[in-house]
Amino acid sequence: MALRLATAYSAIFFFVGLYLPFWPVWLGHRGMSPSEVGLLLGVSPWTRVIASPIAGRWADRTGRGHRLVIVLALAVGLDLLLFQLSQGFWTLLLLTTILGLVHAPIIPLVDGITLGAEAHGTLNYSRVRLWGSVAFIAASWIGGELLELHGEEIIVWLMVSAAVLTMLASSALPAPIRNASDDTTPQQPSKTTASDFSPRSRAFISFLVIAGLLHLSHAVLYAFGTHHWREAGLDDGIIGLLWAESVIAEILLFAIAPRVLKGVSPRTLWMLAGVAGLVRWTVLGSTTTLLWIAVTQALHGLTFGALHLGAMAYLRQQVPDAARGHATTLYSAAAAGLALGIGLPVAGQLYQHVGGQAYWLMSACSGLGLVLAFMRPTAAKAG
């Protein structure tokens, strides 16, 4: 099971490793201004709010979320082919909306399957998930090199290929492990059952707000990191390596997490992410010197990695099997979808007017997430 899930994560994050650093470049190549790029990128997170919870509830009800991933990956590839024929903001907006709707549920659905297996002692989430990060590095490096050699038009074809790989890898996904009694196992400290869990509870909403702020703090980097570094004179190959470096830090955290973070609570991980974000975004808002960019990219292991591991630990511990697909996709919809849906258009407007100083707002988001995490009562541990 671990090998099949690791293969699926690898294909999925090869796509993400192309999309995050290079899709804004392709949109700019098609004549979109920074504010238009921000609006287009901001559409996809909003689609998570619609598509992810629907997919999650369907997966919990039918137990066939692993099959839904195949259909969604096929739809992603077909939609990307239409991008190659598109011109103009409104056509791109329509296709971007479709892309968001079909791609949004893929990662949380696979996360739900993996967390269920971990809760039953079958595997360790971080050790499986790190292969997705390895694939992200490969995609960032390959994408940067091919972009430099062949220009912006190669980006769409690379992403179509990645969608096909995702479809093939997803065909081997295991069915979710279900516990008929909905009771948790010894590895899952919470005694919550499906009937007890409520996505409207104060604790769950607090979790979504904290995670949302910490996710939102990455908006300027995701939308304009590559563009900003290009304007500073860095070539595409170096930029690809910078993106790869950030994910190497993430991989290292995932690799050591089962040992080093065994006694660390989700709350503490979120606080680490907040502190690292304060440093990272403040530095990026102050300089475009390659050395300092490289230093701050290493902090991605905390600003995203610690945030994500804390979120996954919380969902594994506090959510029962029969509701985990719904809860995981709600996390994607609210924390990553709603937050970035707000943050990316704002990032576009800010970057158009103040350039790299837009990172200062990202620093403020990390600080607020840190404060709210500090005020939250200590929950179960991440081990």
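In this chain, numbering begins with 1 at the start of the sequence shown. Computed from a predicted structure; not experimentally measured.
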Between V102 and A75, the two heavy atoms sitting closest are CG1-CB, 3.7 Å
Nearest non-hydrogen partners of G301 and L253, listed with the distance: O-CD2, 2.9 Å
Taking the six-membered ring for Trp, are the ring centroids of Y222 and W23 within less than 6.0 Å of each other? no
Return each pair, listed once, that meets salt bridge (Lys or Arg N to Asp or Glu O under 4.0 Å) where at least one residue sits in residues 125-139; pairs must be two or more places apart or across chains. R129-E250
Aromatic ring pairing H228/Y351, orientation class (parallel under 30°, perpendicular over 60°, tilted between): perpendicular
With side chain to side chain donor-acceptor pair (under 3.5 Å) as the rule and sequence neighbours excluded, what pairs involving residues 80-104 come up? Q84-E153
Sequence neighbours left out, what passes side-chain hydrogen bond (donor to acceptor under 3.5 Å, both in side chains) with R230? Give chain and number order. D236
Which class fits the ring pair H227 and F224: parallel under 30°, tilted 30 to 60°, perpendicular over 60°? perpendicular
Correct closest heavy-atom pair for G212 and A339 would be O-CB, 3.2 Å
Sorted by chain and number, sequence neighbours left out, side-chain hydrogen bond (donor to acceptor under 3.5 Å, both in side chains) with S366 holds for S217, W281
What class does the angle between the rings of H218 and H300 fall in, given that below 30° is parallel, 30 to 60° is tilted and above 60° is perpendicular? perpendicular
Would you call the rings of Y9 and Y125 parallel, tilted or perpendicular if under 30° counts as parallel and over 60° as perpendicular? perpendicular
Under a side-chain separation threshold of 4.5 Å, the hydrophobic residues clustered together with W360 are none
Minimal non-hydrogen separation, T288 against A232, with atom names: CB-CB, 3.7 Å
Those residues that, when tested against Y19, pass side-chain hydrogen bond (donor to acceptor under 3.5 Å, both in side chains) (two or more places apart): none
I want to check something: taking the side chain as every heavy atom from C-beta on, are F14 and I142 in contact at a cut-off of under 4.5 Å? yes
Pair W270 + F207: ring centers closer than 6.0 Å: yes
